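Each remark here refers to the structure printed beneath this line.
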Amino acid sequence: MDYLIILVVLAVVVLVVTGPLRSRTKDDAAESAERAELEAARDAKYREIRDAELDYRTGKLSETDWRSLDRALRAEAVGILRRLDDLPTSEGDGRFP
């Protein structure tokens, strides 16, 4: 009977101590998913910028069209980068603040 009481008390202590760690994991997973989504959007935007420049250099786009497209794509890329910068960084994840 004494072992059962000790086991129950130990289980309650473990649950109380690990509670914040378990809830943080859910928040980290959501933040990590958002970060991954934004990083994928950033990489896609960079590819679009490179493709537009290649189209201009190969003559598929006029200079006027390329400049307006490049300006719009770079503005979108800056918006994505700002959203990435606004995400909180978790301690010890290897990223700089």
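All values reported here derive from a predicted model rather than from experimental measurement. Throughout, residue positions are numbered sequentially from 1 according to the sequence presented.
Under the side chain to side chain contact (heavy atoms under 4.5 Å, CB included) rule, K60 has a single partner from D65, D55, L54, which is D55.
Interatomic distance, E53 CD to T58 OG1, rounded to the nearest 0.5 Å: 11.0 Å. Distance check, rounded to the nearest 0.5 Å: OG1 of T64 to OH of Y56 gives 9.0 Å. R35 contributes atom CZ, which lies 9.5 Å from atom CZ of R42 (distance to the nearest 0.5 angstrom). The OG atom of S32 sits 11.5 Å away from the CD atom of E37 when rounded to the nearest 0.5 Å.
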Run the side-chain donor-acceptor check on residues 73-81: report pairs under 3.5 Å with partners two or more places apart or on a different chain.
residue: R74; atom: NE; partner: D70; partner atom: OD1; Å: 3.0
residue: R74; atom: NE; partner: D70; partner atom: OD2; Å: 2.9
residue: E76; atom: OE1; partner: K45; partner atom: NZ; Å: 2.3

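Residues A52 and L61 come closest through the heavy atom pair O-CD1, 3.8 Å.
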